[in-house]
There are 2 protein chains.
Amino acid sequence: MAPGYDNRTSHAARNPELSKERILSAALAEFSAKGFAGARVDAIARRARINKRMLYHYFGDKEVLFREVLRRKISERRTWGVSAPENPRDRLVFWFELACRDREWIQLLEWEALQWGETAVVEEASRKEAANAVLERIRELQAKGTVTSRFPAEQLLLSMMALTTYPLAFPQLTRMLTGYNVSDPEFQKQRAEFLQEFAAAFAGTEKNGREVHDSDC
Amino acid sequence: MAPGYDNRTSHAARNPELSKERILSAALAEFSAKGFAGARVDAIARRARINKRMLYHYFGDKEVLFREVLRRKISERRTWGVSAPENPRDRLVFWFELACRDREWIQLLEWEALQWGETAVVEEASRKEAANAVLERIRELQAKGTVTSRFPAEQLLLSMMALTTYPLAFPQLTRMLTGYNVSDPEFQKQRAEFLQEFAAAFAGTEKNGREVHDSDC
DNA sequence: CAGCCAAGTAACTGCAAAGTTACTGGAATG
DNA sequence: CATTCCAGTAACTTTGCAGTTACTTGGCTG
């Protein structure tokens with residue numbers, strides 16, 4: 001607000017923006033690891049190397065902070081959505097690799113599902129809108145015959161998300177089936193190969209077979 | 001143990017077996033709804049219409065109780081695995097409908113994933129064994145040519161589980177994509193139809209196309 | 001430099017929830 | 001019928017954690 005704040009990053013100078021930032025990223029780590037009920041406000045404060053009081057000062061309470069963390073992550077994901085590869089066969093792999101690099105997001109979605117699954121959820125309206133845009137795009141491609149019209153777009157998209165995300169959301173099942181931890185590069189390689197092959201095989205079933213998959217949330 | 005216990009089910013007679021049973025089913029409901037950290041021991045006791053002390057008497061502490069609940073559910077699921085339909089094209093649908101009827105199981109798996117995902121998990125060895133039996137069976141069918149050998153069995157199984165389970169594990173995403181709550185029969189109908197169609201289409205890619213999917217873990 | 005506001009802190013409060021103590025009463029056994 | 005053992009209870013203690021109070025410090029503004 002007032003000038004002369006951010007241009008001094010010295011040892012322990014006051015810096016509200018940085019503090020908020022630190023709180024949010026500490027909260028992201030804590031919430032994605034422990035969930036809302038399991039997360040500890042003190043732990044977030046410690047992680048952010050900040051006094052707990054500041055956290056309440058900036059965010060009001062634990063739940064507001066949680067919602068804010070979700071909100072930020074959602075908009076962050078939104079910006080990532082743009083860089084999907086042109087070639088539809090690589091999309092599954094692309095989304096899988098994106099998911100691998102952002103386990104926190106998957107975990108947040110999982111916590112969200114468990115806590116608020118059947119009830120309205122943070123930013124639901126705008127997320128729905130984003131999803132609809134993607135669905136519309138798939139339907140266009142279906143109309144053009146680029147993507148099979150055999151299945152409803154929603155079911156297709158849901159399935160793409162499932163194939164790319166499920167193993168990461170259930171690491172224990174993946175480990176029991178494959179013997180690898182999902183963080184093991186070997187597992188990621190194998191899954192990526194499978195998705196590649198799968199997209200190819202599936203595209204093969206259609207004359208002009210192509211797949212789309214554009215954004216999550 | 002001693003005779004003359006269970007043959008009297010009168011109003012409030014002592015009945016340790018029944019009490020344990022009630023605790024376990026109350027705990028299943030509470031843990032699957034709220035997770036480990038979110039569950040309240042008092043709530044479990046109230047639900048089971050039993051004194052909290054008995055819960056500690058029989059199970060030691062909250063975590064032991066949680067593990068016991070998981071253990072029981074796992075063995076219950078194991079017995080369900082036998083009744084899969086002969087026709088492989090119906091298997092996806094069968095497993096999907098089974099999952100719909102047992103949301104608690106999916107939620108428990110989800111809580112488990114979040115709390116202990118990368119570390120060893122309850123009954124891991126025996127669950128792994130069960131999984132391996134299924135994988136072995138898929139590989140046999142692959143050797144016979146009944147199931148495509150294009151993909152590793154583990155990846156196939158993981159994908160089948162994903163397609164059937166994912167929408168139920170992430171109800172908020174399903175709602176944002178389809179507009180239906182997952183508990184809505186209309187959604188279940190549509191997903192089942194999709195899975196049916198999908199299995200048919202996919203089987204079509206192979207000369208002798210068939211799929212298998214036998215049990216979860 | 002006086003005065004003020006916002007950033008920052010430590011120590012506290014209150015409550016909720018896990019786990020315990022110390023007891024009552026029922027029924028099988030000799 | 002007395003002893004013993006276990007199911008069952010209410011009320012308590014302890015702990016851990018969300019949220020607060022009351023204070024200090026840094027720095028800009030007139």
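A, B, ... follow the sequence lines: proteins, then strands. Residue 1 opens every chain. In what follows, every heavy atom counts, from backbone to side chain, and hydrogens, waters and symmetry copies are set aside.
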Problem - Side-chain donor/acceptor contact of A/R53 with base of D/dT20 under 3.5 Å - result: no
Residues A/E76, A/K73: salt bridge by 4.0 Å N-O rule: yes
- hbond_proxy A/D61 side chain to D/dA18 base (donor-acceptor, 3.5 Å cutoff): no
Under the 3.5 Å rule, do the base of C/dG19 and the side chain of B/K62 count as making a donor-acceptor pair? no
query: Touch check for B/Y58, heavy atoms < 4.0 angstrom, all strands: base, sugar-phosphate only, or nothing?
result: sugar-phosphate
Against the side chain of A/N51, the closest entry in C/dA18, D/dA18, C/dA10 is C/dA10
Rounded to whole Å, the CD1-C1' distance (A/I23 to C/dT9) equals 14 Å
Taken to the nearest whole Å, CZ/B/R40 to P/D/dC17 is 11 Å
Requested in this report: Let me see the working for A/E123 and A/R127 under salt bridge (Lys or Arg N to Asp or Glu O under 4.0 Å), right down to the final yes or no.
Outcome: CA-CA 6 Å; A/E123 301 272 273; A/R127 291 161 82 182; over 6 Å; no
Point to revise | A/R139 vs A/E154 side-chain heavy atoms within contact, under 4.5 Å | key: yes
Check your understanding: So what does B/A37 hit on the nucleic acid, given a heavy-atom distance under 4.0 Å: a base, only sugar-phosphate, or nothing?
Key -> nothing
Rounded to whole Å, CZ of A/R46 lies from C1' of C/dA10 at a distance of 15 Å
Among the nucleotides D/dA10, C/dG19, D/dG19, whichever has the atom closest to the side chain of A/Y56 is D/dG19
Exercise for review: State whether B/E68 and B/R72 are salt-bridged, where the test is any N-O pair (Lys NZ or Arg NE/NH1/NH2 against Asp/Glu carboxylate O) under 4.0 Å.
Suggested key: no
Handout entry: Under-4.0 Å salt bridge between A/E124 and A/K128
Key = yes
Rounded to whole Å, NE2 of A/H57 lies from C1' of C/dG8 at a distance of 10 Å
*With respect to the phosphate group of D/dG8, does any side-chain polar atom (N or O) of B/S19 fall under 4.0 Å of OP1 or OP2?*
yes
Q) Is B/A45 touching bases, backbone alone, or none of the nucleic acid, heavy atoms closer than 4.0 Å? A) nothing
A/I50 CD1 to C/dT9 P, in whole Å, measures 7 Å
Query - Donor-acceptor pair, side chain of B/E112 and main chain of B/G117, under 3.5 angstrom - result: no
Atom NZ of A/K20 and atom C1' of C/dG8 are separated, to the nearest Å, by 15 Å
Considering only heavy side-chain atoms of A/K52, the closest of C/dA18, D/dG19, D/dG8 is D/dG19
In short, the helix from C/dC1-D/dG30 to C/dG30-D/dC1 is bent end to end, axes from five pairs each side, to 10°, by 10°
**Item:** Aromatic ring proximity, centroids under 6.0 angstrom, B/F66 and B/F31
**Value:** yes
Per atom distances to the B/D42 side chain, the nearest of C/dG19, C/dA17, D/dA18 is C/dA17
Taken to the nearest whole Å, CE/B/M54 to C1'/C/dT21 is 15 Å
A/L65 CG to D/dC17 C1', in whole Å, measures 15 Å
Point to revise | Under-4.0 Å salt bridge between B/E30 and B/R46 | key: no
